[in-house]
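Just so it is clear: chains get the letters A, B, ... in the order the sequence lines come, proteins before strands, and each one is counted from 1.
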Amino acid sequence: MEENYQPAIIEAKTQQLWEDKGVFRAVEDPSREKYYCLSMFPYPSGRLHMGHVRNYTIGDVMARYQRMLGKNVLQPMGWDAFGLPAENAAMGKGVHPADWTFENIAYMKRQLKELGFGYDWQRELATCSPEYYRWEQWFFLRLLEKGLVYKKTAPVNWCPHDHTVLANEQVIEGCCWRCDTPVVRKEISQWFMRITAYAEELLAELDTLDGWPEQVRTMQANWIGKSHGVRFAFPYTLEGKEGKLWVYTTRADTIMGVTFCVVAPEHPLAAHAARHRPDLVDFIRECEQSGTAEADMATMEKKGMDTGLTVRHPLTGNDIPVWVGNYVLMSYGEGAVMAVPAHDERDFHFAKRYGLGIQQVIARKDGKETFDEAEWQDWYGDKTLGVCVHSAAYDGLDHGAAVDAIAKDLAALDLGEKQTNFRLRDWGVSRQRYWGCPVPVITCESCGTVPVPDQDLPVLLPRDVDITGVGSPLTRLDDFVNVPCPCCGKPAQRETDTFDTFMESSWYFARYTSADNAEAMLDERANYWLPVDQYIGGIEHAILHLLYSRFYHKLLRDAGLLKAKEPFARLLTQGMVVAPTFFREAEGRKQYVGPDEVDVTTDDKGRITSALLKKDGQPVRVGGTEKMSKSKNNGVDPEHLVTRYGADTVRLFTMFAAPPDQSLEWSDSGVEGGFRFLRRLWRQVSQHVENGIPDGTAPSTFNDGQKQIRRQVHETLKKVTDDMGRRFTFNTAIAANMELLNSLSRFEDTSEAGRWIRQEALERVTLMLAPIVPHITQSLWEALGHEGIIATAPWPKVDASALVQDAIEMVVQVNGKLRGKISAPVGATSDAIQALALADEGVQRFVEGQPLKKVIVVPGKLVNIVV
RNA sequence: GCCGGAGUGGCGAAACUGGUAGACGCGCCAGACUCAAAAUCUGGUUUGGGAAACCAAGUGUCGGUUCGAUUCCGACCUCCGGCACCA
């Protein structure tokens, strides 16, 4: 065995060994228990960042651990290869998105291999390849046949200067990121997936996902947002014609307090009222001067204007004025809301601002506070605290009873009924962009929307395009756009929108099982491997990606393509890898500089107080500690760490620095410590095997010192097994091994029995660390006298006889404070333990002369004496 | 604004079911080895008081439940993630 630990040599050797033996190739075998371990596939943005390294290390450790437990493990990898950054690269660097993407894939694949991740590369897929996206097009057409996709108009961010749809990310403070023109909202026709048809099931089955973090289930449930309310109408007469203004509310009990209604700027009533009102036209146009992001809508100043129209209250018949409001969106719900300023905070402030009426209709049951319209109080909107007042026949009813009575009365008038609503909206999948999967549809003047016939699939994304940042490049390709109608043969137009990239990532986990099938989207292998047993990815995907994937999986199930109900049996959401951010302001924009480009000063709490740019000594501003990202320029490149310390050190530190679900603040200094530990481990094994490997016969007896170290070996194994398999706290698993190795280095017993114990201990440490640091442990395994591959060696078993002890240390408290420790024989009675505790010298000092009030004995743990 | 999460030494963290707060690691300090340095090894390291034994305080803030709270409950503060076209 080499005396020194040389990661570069042993890592290359071990990786070659895995490849030669095909260790990670997954083959279906119904006689073996399968384990499908999946990490979220990366967007090929250029190089791996620390978030990838963390994600894939966690996944690889879990997969390797399960393999050692004897499972048939599948761990695949692929590329989420369509997306906006490729188009930006094309514009910025003049590279074709496809070339840029495939170059990045090649580079990142090499990086993944160097990190020693055990993937079955035969199943690799890239979503931008026609072999992949043809099935997405094919399946979209099946959904079209079933009526699960449809077209409707929806708002987009529009840059009036570039004539281009902008992603939310491309809207910077309300303006276009490229030309700084204020962005407006524009309604355009788009394709939608009917996810709301599955809302009930997506919500109900969250309860079955007990392998998911509670917080993710809660977030999804809130996102789906099932509510029970009443949909009802305000009738009106407009130019002699009867009409109804529909609204939905969960607070029908406050309906007697409605003092006005607010409609969206795009609502037909608003348009009607604006016909002879230039000021209203201006206001409606002003309302369009905002993006589509919900956070912007929720935080912007709420503005409105009276339309001059009135509707009739459905129960009182009173005239109710109709306003237009910038905070009501046409595409959500009915595009109109009732306003009850007395019992809704937003309506309250709106009414105050515009001098509209405030009518109290709910009073506190307990009468503790009274209503005062001068100032908003939290109880005004609390449906559990109040009863109806000033509400005619409904006076005295609480929330539930009032809603029932009011819904019944509205139904009798044929003006409304109870309705269950979801906050969840249908999934808009059209994107007006080049680098995505073409929507396989043709529009014909006489035949309407015509699906591309199956035999013409895939609709290939053309390569020769001119990406200018103005409009979608596909619209300028005559050969692509102008095609004969598949139905009637007359000239027709091809759809130029592409799919949301969430479409590709919503089913890739299933395609890995059948990746080489050119005849079908999925085959029977999907039912062997699915559901994914363990899915690992960033918490930032807690809602959108995971909800869309669950939805898509149900669509695949209902199409008969697979059987499982849910795609991911267990989910681990890793925390973000974060780092401080630094920036300068130039021309009103933030320009971020990397953490390694600045020198920082910190206060005595370790917080960064100021920073100077290394290259010119000028001060830069200190931002927050945020997720590592390209846009914030605060990423750490893992590659130089691998070059310097080796993959095992990078893997070890990543797993050691924090538990996987917590955010991880990067520090270069800790990496060094990981490297030191591996070197110490190497040296200990090297010193041990120098004198030959002890033969396998266990000694018949052990002395006390030997028993103690053996107990620690098996206690550690027990703990680590639990940490790896149940708790997923790899940081404490590593810490326990470090402790064991520290004890072992102090264990200087060179007798036959001592050497046998050291061999047993080092073998177990090597096996326990094998999933985390797979290269060094392969070398150590060989050095310890084993042939073959540690990656497929069985996980060790705890020797229960090594855990037996005769006395347990117990803690003694007086009034809850630690005052002494006692050693109690195993199986001692509470009385005996109490006597031992009271006899302890440290305890007596605090008990002496005071009457005992109470003594609590927790067997095996502690005694608390209350005086 | 809404939804979710986090806050413990100089730093990353541990304490799993309400039971010894700070395991393990980083950093720092001291010592050993060395002509010297690096590397390595040994010891110390929450804060305050004390030579020490030891005592007191201490897990974002304020309050509550309990023999006992980092852990449970209530209110608040700060930071982070998501908010439907970044992926």
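- When the nucleotides G4(B), A14(B), U20(B) are ranked by their closest atom to the side chain of Asn222(A), G4(B) comes out on top.
- Of the candidates U40(B), C85(B), C67(B), the closest approach to any side-chain atom of Ile856(A) belongs to C67(B).
- Side-chain proximity of Arg433(A) to the nucleotides G4(B), A13(B), C85(B) is greatest for C85(B).
- Of the candidates G1(B), G82(B), G81(B), the closest approach to any side-chain atom of Glu294(A) belongs to G1(B).
- Contact between Tyr508(A) and Leu125(A) at its shortest, heavy atoms only, is O-CD2, 4.2 Å.
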All N/O pairs under 3.5 Å across the protein-nucleotides 50-57 of chain B interface:
| residue | atom | partner | partner atom | Å |
| --- | --- | --- | --- | --- |
| A56(B) | OP1 | Arg819(A) | NH2 | 3.4 |
| A56(B) | OP2 | Arg819(A) | NH1 | 3.3 |
| A57(B) | OP2 | Lys817(A) | NZ | 3.2 |

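- You'll find that the side chain of Met738(A) is closest to C24(B), out of C86(B), C24(B), G12(B).
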Does the pair Leu209(A) and Leu571(A) meet the rule for a side-chain contact (heavy atoms from CB on, under 4.5 Å), with working shown?
CA-CA 9 Å; Leu209(A) 296 174; Leu571(A) 173 70; over 6 Å; no
With pairs defined as Watson-Crick or G-U wobble and both distances under 3.5 angstrom, please note down RNA chain B as a dot-bracket string, | for pairing with another strand.
(((((((..(((......[....)))((((((.......))))))((((....))))..(((((..]....))))))))))))....
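- Phe350(A) and Tyr327(A) have perpendicular rings, their planes meeting at more than 60° on a 0 to 90° scale where under 30° would count as parallel.
- Residue Phe502(A) is classed as a base contact, given a heavy-atom separation below 4.0 Å to a base.
- Spacing of C1' atoms, G74(B) relative to C24(B), comes out at 36 Å, to the nearest Å.
- Phe499(A) places none of its side-chain heavy atoms less than 4.5 Å from the side chain of Tyr133(A).
- Ser663(A) comes within 4.0 angstrom of the backbone, heavy atoms only, and of no base.
- Which of C67(B), A15(B), C85(B) sits closest to the side chain of Thr732(A) comes down to A15(B).
- Of the two residues contacting RNA chain B, namely Gln662(A) and Asp722(A), the nearest-nucleotide position lying further toward the 5' end is that of Gln662(A).
- The side chain of Arg676(A) has C26(B) as its nearest neighbour among G4(B), C24(B), C26(B).
- Out of C3(B), C67(B), C26(B), the shortest distance to the side chain of Met219(A) is found at C3(B).
- Straight-line distance between the C1' atoms of C77(B) and G60(B): roughly 8 Å, to the nearest whole Å.
- Contact annotation for Val156(A): base contact, defined as any heavy-atom pair under 4.0 Å involving a base atom.
- Taking the six-membered ring for Trp and the full ring otherwise, the centers of Phe656(A) and Phe677(A) sit at least 6.0 Å from each other.
- In this structure, CZ on Arg353(A) lies 4.0 Å from CD on Glu301(A), to the nearest 0.5 angstrom.
- Comparing G64(B) with C83(B), their C1' atoms sit 35 Å apart, to the nearest whole Å.
- Among the heavy atoms of the strands lying under 4.0 Å from Trp223(A) is at least one base atom, whether or not backbone atoms are also near.
- Comparing U20(B), G81(B), C85(B) against the side chain of Gln813(A) picks out U20(B) as the nearest.
- Between Asp723(A) and Thr732(A), the closest heavy-atom pair is OD2-OG1, 2.9 Å.
- Considering only the side chain of Arg683(A), U40(B) comes nearest among U40(B), C24(B), A87(B).
- Aromatic rings from Tyr132(A) and Trp507(A) are positioned such that their centres are separated by under 6.0 Å.
- Judged by distance alone, with hydrogens and angles left aside, Lys861(A) brings no side-chain donor or acceptor close enough to the base of U20(B) to form a pair under 3.5 Å.
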